[in-house]
Amino acid sequence: MNRRRSFGSRGGGRRPVSYGPRSGGRRGGCGRLVVGLIIASFSIVSYCASKEYNPVTGETQYIAMTPRQEIALGLQAAPEMARQHGGLHPDRNAQQLVDNVGQRIVGRSDAGETQWQFEFHLLADEQMVNAFALPGGQIFITAALFQRLETEGQLAGVLGHEVGHVVGRHSAQRMAQSKLTNGLTGAVAVASGDARAATVAAAISQMVNMKHGRGDELQSDELGVRFLAQAGYDPRSLIRVMEILAESRPSGGPPEFFSTHPNPDNRIGRIQDAIREVYPNGVPEGLIR
């Protein structure tokens, strides 16, 4: 009876030696490395090609969108942002005050020389102490913060800081930075084929972007001081705003290193330095506080 024999299973037949997995692994590793380098190169070239000069800050920035795109994005997002905070506040007198102070800052400072379309909104939210700016000039302050402010100068301090974010183009700058770090993180993940390496790269990129966020806040404080002084407000009012923010901050918050905003206490010293730079001989009398 004939029996089928598997080649190399028994007897003296030589077993073929397979090198496939090892050499394939080498080829796969090289291929991943090449793809990773392409992704990284494309991310870096795209980032460097987005360089622009900001005449108000005097800095060269890397920006992810055009001014028209920033304005359009802010206008598109504004209704949704208002909805998330309970809509616009019904007090027309309070809204008029916000408008008047905001427009005075823009009209009498370097911010008025820019192309941004500034609009100021008082939100109905009485729980969250906050103010923020969207790209292109849409600026919001919650009722919770508005009600804590004691003077017109303090309101000017809040709005001047947010105007600084718009003029500094911080949102568009952060988008460009995020695209770069995401691209480099993806490149590491592809090139290494190691999930742990990708996780470490993602954590590092997140901390880098947080650092940029804290730098944006400090620059907006400095720009706020400058805009307040130009508009006839006492920039020392911004110091009291920082104290109000510190008082409203919940205890046990995360350390500054892992926060996108510097601690209010730490910002006061930088604000004082900015005031001395604007007024080296001391703050004059007669400014609105």
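Numbering starts at 1 and runs along the sequence shown.
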* To do: Show your reasoning for whether side chain to side chain donor-acceptor pair (under 3.5 Å) applies to Gln173 and Gln61.
  => CA-CA 7 Å; Gln173 189 174 19; Gln61 300 173 285; 3.2 Å; yes
* salt bridge (Lys or Arg N to Asp or Glu O under 4.0 Å) between Arg148 and Glu247, worked out -> CA-CA 10 Å; Arg148 283 172 167 79; Glu247 292 164 2; over 6 Å; no
* Could you check Met65 against Glu70 for side-chain contact (heavy atoms from CB on, under 4.5 Å), going step by step and ending with a plain yes or no? => CA-CA 7 Å; Met65 61 182 69; Glu70 286 186 63; 3.3 Å; yes
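Glu277 and Pro280 get closest at one heavy-atom pair: O-CD, 3.8 Å. Taking every heavy atom of both residues into account, Gln69 and Thr66 meet most closely at OE1-N, 2.8 Å. The shortest non-hydrogen separation linking Pro235 to Leu228 is CA-CD2, 3.9 Å. Contact detail for Tyr233 and Gly153: the closest heavy-atom pair is CD2-CA, 4.0 Å. In this structure, Ala133 and Glu162 approach most closely via the heavy-atom pair N-OE1, 3.2 Å. Closest approach of Ala111 and Val163 over heavy atoms only: CB-CG1, 3.6 Å.
With rounding to the nearest 0.5 Å, the separation of CZ in Arg236 from CD1 in Ile268 is 14.0 Å. Asp216 contributes atom CG, which lies 10.5 Å from atom CG of Leu223 (distance to the nearest 0.5 angstrom). Considering CD of Gln115 and CD1 of Ile71, their distance stands at 6.0 Å, rounded to 0.5 Å. Atom CG in Leu159 sits 6.5 Å away from atom CD1 in Ile139 (nearest 0.5 Å). To the nearest 0.5 Å, atom CG of residue Leu238 and atom CZ of residue Arg240 are 12.5 Å apart.
Within 6.0 Å of CD in Glu150 there are more than 12 heavy atoms belonging to other residues, nucleotides or ligands. Atom CD of Gln127 has 12 or fewer neighbouring heavy atoms from other residues, nucleotides or ligands inside a 6.0 Å radius. Under a cut-off of 6.0 angstrom, the local environment of CD in Glu243 is crowded, with over 12 non-hydrogen atoms contributed by other residues, nucleotides or ligands.
A salt bridge links Arg276 with Asp273: at least one charged nitrogen is closer than 4.0 Å to a carboxylate oxygen. In summary, Arg270 and Glu217 do not engage in a salt bridge, as defined by a charged side-chain N under 4.0 Å from a carboxylate O.
Note on Val106 and Val225: same hydrophobic cluster, where clusters join Ile, Leu, Val, Met, Phe, Trp and Tyr whose side-chain heavy atoms are under 4.5 Å apart, directly or indirectly. Both Leu75 and Phe120 belong to a common hydrophobic cluster when Ile, Leu, Val, Met, Phe, Trp and Tyr are linked at side-chain heavy-atom distances under 4.5 angstrom. By the criterion of side-chain heavy atoms lying less than 4.5 angstrom apart, applied directly or through intervening Ile, Leu, Val, Met, Phe, Trp or Tyr residues, Ile288 is grouped together with Leu155 in one hydrophobic cluster.
Using cut-offs of 30° and 60° on the angle between ring planes, the pair His170 and His165 is perpendicular.
Tested against Leu145, the residues Leu123, Leu122, Val158 include a single side chain to side chain contact (heavy atoms under 4.5 Å, CB included) partner, Val158. Applying the side chain to side chain contact (heavy atoms under 4.5 Å, CB included) test between Met242 and each of Ile244, Ile239, Leu245 identifies Leu245 as the sole match.
Remark: side-chain polar atoms of Thr142 are paired, donor with acceptor, to backbone N or O of Asn130 under 3.5 angstrom. Checking side-chain atoms of Ser237 against main-chain N and O of Gly157 turns up no donor-acceptor pair under 3.5 Å.
Phe227 does not carry Arg104 over the face of its six-membered ring by the limits of under 6.0 Å from the centre and within 45° of the normal.
For the residue pair Glu59 / Asn54, no side-chain donor-acceptor distance below 3.5 Å is found, with atom types taken as modelled. Side chains of Gln95 and His89: a donor-acceptor N/O pair is absent below 3.5 angstrom, by distance only.
Residue pairs meeting the salt bridge (Lys or Arg N to Asp or Glu O under 4.0 Å) criterion with at least one member in residues 109-135, sequence neighbours excluded: Asp110-Arg226.
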